[in-house]
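Throughout, residue positions are numbered sequentially from 1 according to the sequence presented. What's counted below: heavy atoms across the whole structure, side chains too, no hydrogens, waters or symmetry copies. Remember, it's 1-based here, ligands and their atoms both numbered in the order they're listed.
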Amino acid sequence: MNNKIKVIRTKKSKIQDVDFNNFSFGSIFTDHMFECDFINGKWVNPTIKPYQPISIEPSASVLHYGQAIFEGMKAYKDENNEVWLFRPDQNFERINKSAVRMAIPEFPRELFFEALTKLVEIDSDWVKYGEGRSMYIRPFIIGNEYAIQAVPSKNYKFMIICAPATLYYTKKLKVLVADKYSRAASGGVGYAKAAGNYAGQFYPTNLAKEQGFDQVVWTDSNEHSYLEEAGTMNIFFRINNTLITAPTTDTILDGVTRKSIIQIAKDNGINVEVKKLKVEELKNAANNRTLKEIFGAGTAAVVSQIKTFQHKSELFELDEQNDSYAEKLKSILVGIQTNKLVDKHGWRYKV
Ligand code: COI
């Protein structure tokens, strides 16, 4: 294929209209987007153009069968105005893992990196320097064949859009441990970043919100006994001085933040156990005060502490920790992402 990306720049940037001190996550978008179509078995017409609506017919397969996957990544600016991505190879590999599971054609590596870096470079003024600031990058693929047979689409659209980002959660969270609804089932698509995994969470999360919770902690779909994820994040538990997180099975997303936190914890002498943890074990640990911390980890939310959890009618509140692992790990992670700390694993990627 011809990988050469056509670039059409906007005539007038929207950046002056944005109040970077006052916006919510994912609500405003940068000046440009990337678009590439899969037609006749090939990815064609890679184009960076001004951010704008796309035109699809009502019969487009994504609108009927939800054949859609996405990624979440961020660009960071350091104090010298250099822009960095964090482990983009991981997002590239995962989007194609998701693609395979959702019967979507894989996207070529070279074009992914070329599109990503070119787009971020063009919109680099939108990446702001400062605490909690970054630019969220959303690559995604949708089935775009105009036919409503329930079969994989023949045509697809791969796009990347970008949005300035700030803190996703501004306070510690109160969560409800699921005992009825599930996020993912064994043999299903939980490990893929499939759009429907998120849509399926909205209703149970709304029910939890009506009861005053911020998020749902997902448990296994068979028995609701094992702790899996928290909202749209992976979840970590600190019992005594050991950090525990669930293994990446087919129901758990292989989070880039998750795997980075595990590595940073190990690098800093924190004992990590990747193992299944039961809700009962968690409650016992909370009752005997060996449960010190719970936190979620994800690209959008970074590291978000959970202060309160409820299972059925039992409510548990965690104490403040002077030596919080969540705070320490977050500060090292963000330090690496923003070029403040040594990157000994080669995770940073200069744009
Ligand atoms: C991310 O952290 O990138 C996510 O996927 C969360 C998103 C649904 C806001």
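Nearest non-hydrogen protein atom to atom 6 (C) of ligand 1 is Thr232 OG1, 3.8 Å. Looking from atom 3 (O) of ligand 1 to the surrounding protein, the closest heavy atom is Tyr136 OH, 2.6 Å. The closest protein non-hydrogen atom to atom 7 (C) of ligand 1 is Arg138 NH2, 3.8 Å. When only non-hydrogen protein atoms are considered, atom 9 (C) of ligand 1 lies nearest to Tyr168 OH, 3.6 Å.
Side chain to side chain, His311 and Lys283 meet the donor-acceptor criterion of an N or O pair below 3.5 Å. Side-chain contact, Gln305 with Tyr169: no donor N or O sits under 3.5 Å from an acceptor N or O. Defined by atom type and a distance below 3.5 Å, a donor-acceptor pair is missing between the side-chain atoms of Asn155 and Glu145. With 3.5 Å as the limit, one finds a donor-acceptor pair spanning the side chains of Ser260 and Arg87. Side-chain N/O atoms of Ser182 and Ser221 include no donor and acceptor closer than 3.5 Å. A donor-acceptor pair shorter than 3.5 Å can be found between the side chains of Tyr76 and Gln337.
Inclusion of Ala300 in the set of residues having an N or O under 3.5 Å from an N or O of ligand 1 is warranted. Note: an N/O pair closer than 3.5 Å links Lys193 and ligand 1 by distance alone.
Near Phe70, meaning under 4.0 Å from one of its heavy atoms, ligand 1 places the atoms 5 (O). Close approach of ligand 1 to Gly72 (heavy-atom distance below 4.0 Å) involves ligand atoms 3 (O).
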